[in-house]
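Shown next, in structure tokens, is the structure this report addresses.
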Amino acid sequence: ADLPSEPKPYAPFSNRLASSLDLLYQTITLFSIGHGCDSRVEQTETGFRVSSVSMPVVKVNGLTPDIKKDDISYAVGMNDLGQMNPSAVAAVDRIIRDYKSWINDRKMEIPNLNSSLQSIGVDHLNECERFLTDIIDGWELVQADRNVAQCFRDASIAMDRQRVGAGAQTRAVEFATDGTLTVTGANPHLSPSVQSQWRPFQIAFILASLQKAVDENHINRDEVDVIWMPTGGGMTEAYLGLAAFVILWEKLHQTLAGRSNDQNTKVLMRYTLRLLTVQQIQRATSLICALEIARRATPDLYGNSEIRIGAWLGNKVTPGTRKAAVTQFAATLKSGKDLTFITKKCPWCGAQMGQVHRNHITGYKVVAISKTISRVAVFCPDSNCPFTLHTVKGSNGADLQRGIPVYEVDEDVYSSAPDFVVGTVDKMARISWKPDSQRLFGLKKGVREFDPPRLFIQDELHLIAGPLGS
């Protein structure tokens, strides 16, 4: 028998409806079908040999998000966009223009498709055009609305600073015989660095989400957007960029409404695995530090309350109560081993943290928040870092000690309602049994006291299954 020369569907379209997968894989010729296994067809001197394969193997061509046309990259500089300079504006315009042109080119191919696939092709391109419209609407909003532009630009600059902080090498801490502490190396933010770049899908996603982020009555606000990109493609930067905008946008509106001291959770992110969650928190904390720098520079825009992040993980990773954290701190001093809290280095400048020296733990200190309550404060050991231990005035006039705006203890997370909370699926599943967690949703004893979160992020969606999943 001869092998088919034309692509063949899994089953004849006459027996079923064609699907999107049929269209996407229309160029793949189907030689045989395995049931409960894979099948392989090989040509021999006398004919063809068909065999079963228990472990399927397929070669997948590499995919890169760093695309070019005419040898010119589509990337947009983060600082350039933060300054809205002509090169950044032209780069975004080019992405929009060429995406529209790509859609029109695909429309010309519709008549050449199998008749059973043409309607599917039309549906696909309708979704592409809808996404394009969202991108254009978001870009026009940035150019027309001064407040949107301010938050958008500051978020882009913060993302560039986040990349510097998250990528900083750990700066070792050294102690002199008199106990004086010295941090080796230089703060990476004090040295010139090449700006980071937005990949085209990242900036397109953020722009397409702006209308839904700022308009509570937007027709598509209840939809879930999925970022589909292989590991290492830049998904994290895409949703962190949107999170940065949402946090600044909410802070700005609270300040304009005369609520500059409000502290509420604005972004709630659910993760699947604790180890991966810790890694993401470390990256996200660098972003929160960058946003806090922007807030301190312009409190008239972004208010007086600190921009914070909370790690809402299992108690095998982070303490559940302040008392447990203080006990763990004391036990670490006694043992002389490094502290097991998740912040191992300053997310802004890279200074090493958590080492025991005499009766101190670098970057950690027990501070009193009332006559009977103490908590473990987190701060950068480098006295020249903006996130070293310092004193600020609270909304009630009391002196408060601040450092790195990260909260790792459940009790601190509940009481402070950080702007960005990263939690695991098991923690989210216990919300009904943990009344204190209402504070993360702006509630107190079931009554609305603060704004609810505006953005929900589910990372690593493909890992979720079972009763906690989708």
May I ask you to check whether over 12 heavy atoms, not counting those of R146, lie within 6.0 Å of atom CZ?
-> no
Any residue meeting side chain to side chain contact (heavy atoms under 4.5 Å, CB included) with L132, in chain and number order, not counting sequence neighbours | I96, Y99, K100, I103, I136
Measuring from I95:CD1 to K69:NZ, what's the distance to the nearest 0.5 Å?
-> 12.5 Å
For the side chain of T298 and the backbone of L301, is there at least one donor-acceptor N/O pair under 3.5 Å apart?
-> no
Verdict with reasoning, W312 to M428, per side chain to side chain contact (heavy atoms under 4.5 Å, CB included) | CA-CA 9 Å; W312 196 29; M428 300 287 184; 3.6 Å; yes
Looking at side-chain heavy atoms only, is the closest gap between C151 and Y302 below 4.5 Å?
-> yes
Mind checking whether Q458 and M269 have side chains closer than 4.5 Å, heavy atoms only?
-> no
With side chains defined as the heavy atoms from C-beta onward, is the minimum distance between R308 and F420 less than 4.5 Å?
-> no
Show me the donor-acceptor pairs, under 3.5 Å and distance only, between side chains in residues 237-249 and residues at least two apart or in other chains.
| from | atom 1 | to | atom 2 | distance (Å) |
| --- | --- | --- | --- | --- |
| E237 | OE1 | R283 | NH2 | 3.4 |
| E237 | OE2 | R283 | NH2 | 2.5 |
| Y239 | OH | Q280 | NE2 | 2.8 |
| Y239 | OH | D459 | OD2 | 2.5 |

Mind running side chain to side chain contact (heavy atoms under 4.5 Å, CB included) on Q401 and H390 for me, showing each step along the way?
-> CA-CA 6 Å; Q401 289 190 296; H390 58 281; over 6 Å; no
E250 side chain vs V267 backbone, donor-acceptor pair below 3.5 Å | no
Side-chain ion pair, R454 and E216, N-O less than 4.0 Å = yes
Residues R322, S415; criterion side chain to side chain donor-acceptor pair (under 3.5 Å); working and verdict = CA-CA 11 Å; R322 291 165 176 158; S415 66; 2.8 Å; yes
All pairs passing salt bridge (Lys or Arg N to Asp or Glu O under 4.0 Å) where residues 71-85 contributes a residue, at least two apart = none
Worked check of side chain to side chain donor-acceptor pair (under 3.5 Å) between D160 and N79 = CA-CA 7 Å; D160 183 70; N79 276 337; 3.1 Å; yes
Steps toward salt bridge (charged side-chain N to carboxylate O under 4.0 Å, His left out) verdict (D451, K266) = CA-CA 8 Å; D451 295 332; K266 301 166 183 65; over 6 Å; no
Can you check side chain to side chain donor-acceptor pair (under 3.5 Å) on N61 and K59, steps first, answer last?
-> CA-CA 6 Å; N61 293 326; K59 181 180 179 181; 5.1 Å; no
From CD (E306) to CD1 (I404), nearest 0.5 Å = 10.5 Å
Taking all heavy atoms of V76 and all of A91, pick out the closest pair and write down the distance.
-> CG2-CB, 3.8 Å
Student check: side-chain heavy atoms of L81 and R153 closer than 4.5 Å = no
Rounded to the nearest 0.5 Å, what's the gap from CD on Q143 to CG on D93? Could you check?
-> 6.5 Å
What's the shortest heavy-atom distance between N85 and S87, and which atoms?
-> OD1-OG, 2.7 Å
Examine distances only and state if a side-chain atom of Q263 and a backbone atom of P418 form a donor-acceptor pair shorter than 3.5 Å.
-> no
Of all heavy-atom pairs between A149 and V142, which one has the smallest distance, and what is that distance?
-> CB-O, 3.2 Å
Side-chain donor or acceptor of Q355 paired with backbone N/O of M353 under 3.5 Å | yes
Between T424 (side chain) and L313 (backbone), is there a donor-acceptor pair under 3.5 Å?
-> no
Residues H357 and T362: side-chain donor-acceptor under 3.5 angstrom | no
Test side chain to side chain contact (heavy atoms under 4.5 Å, CB included) applied to I342 and T318, step by step = CA-CA 8 Å; I342 62 177; T318 56; 4.2 Å; yes
Charged tip of R296 within 45° of F387 ring normal and under 6.0 Å = yes
Closest contact, heavy atoms only, A351 versus C380 = CB-SG, 3.8 Å
Is there a donor-acceptor pair closer than 3.5 Å between any side-chain N or O of R259 and the backbone N or O of N261?
-> no
Does the pair F341 and Y364 meet the rule for a ring pair (Phe, Tyr, Trp, His ring centres under 6.0 Å), with working shown?
-> CA-CA 10 Å; F341 281 23; Y364 290 88; 5.4 Å; yes
Keeping to residues at least two apart or across chains, list the salt bridge (Lys or Arg N to Asp or Glu O under 4.0 Å) pairs with something in residues 193-208.
-> D66-R199
Listed once per pair and sorted, the side-chain hydrogen bond (donor to acceptor under 3.5 Å, both in side chains) pairs that draw on residues 336-349, sequence neighbours left out = Q328-T340, T343-E408
Within a reach of under 6.0 Å around CD of Q169, are more than 12 heavy atoms found that belong to other residues, nucleotides or ligands?
-> no
So how far is it from M55 CE to D38 CG, rounded to the nearest 0.5 Å?
-> 11.0 Å
Heavy atoms only: give me the nearest V173-P381 pair and the separation to one decimal.
-> CG2-CG, 4.3 Å
Indicate yes or no: at least one non-hydrogen side-chain atom of L291 is less than 4.5 angstrom from one of K251.
-> no
Under 4.5 Å between any side-chain heavy atoms of Q150 and N147, yes or no?
-> no
So, do Q438 and Y414 sit near enough that their side-chain heavy atoms are less than 4.5 Å apart?
-> no
Q162 to A290 - nearest heavy-atom pair and separation = N-CB, 4.4 Å
Taking the side chain as every heavy atom from C-beta outward, state whether V367 and R375 have any pair of such atoms under 4.5 Å apart.
-> yes
Quick one: do W102 and C128 satisfy side chain to side chain contact (heavy atoms under 4.5 Å, CB included)? Show the steps, please.
-> CA-CA 10 Å; W102 180 87; C128 290; 4.2 Å; yes
Is a side-chain N or O of R295 found less than 3.5 angstrom from the main chain of G303, in a donor-acceptor match?
-> yes
Here the gap from R270 atom CZ to K427 atom NZ, rounded to the nearest 0.5 Å, amounts to 15.0 Å
Results of salt bridge (charged side-chain N to carboxylate O under 4.0 Å, His left out) for E140 - residues two or more places apart only = none
How long is the span from the CD1 atom in I307 to the SG atom in C289, to the nearest 0.5 Å?
-> 10.5 Å
Are the side chain of E449 and the backbone of G442 linked by a donor-acceptor contact shorter than 3.5 Å?
-> no
Indicate yes or no for a side-chain donor-acceptor contact from Q352 to the backbone of T170 under 3.5 Å, with no hydrogens or angles considered.
-> no
Give me the ring orientation class for F441 and F456: parallel if the planes are under 30° apart, tilted from 30 to 60°, perpendicular past 60°.
-> parallel
Side chain of S437, backbone of K434: donor and acceptor closer than 3.5 Å?
-> yes
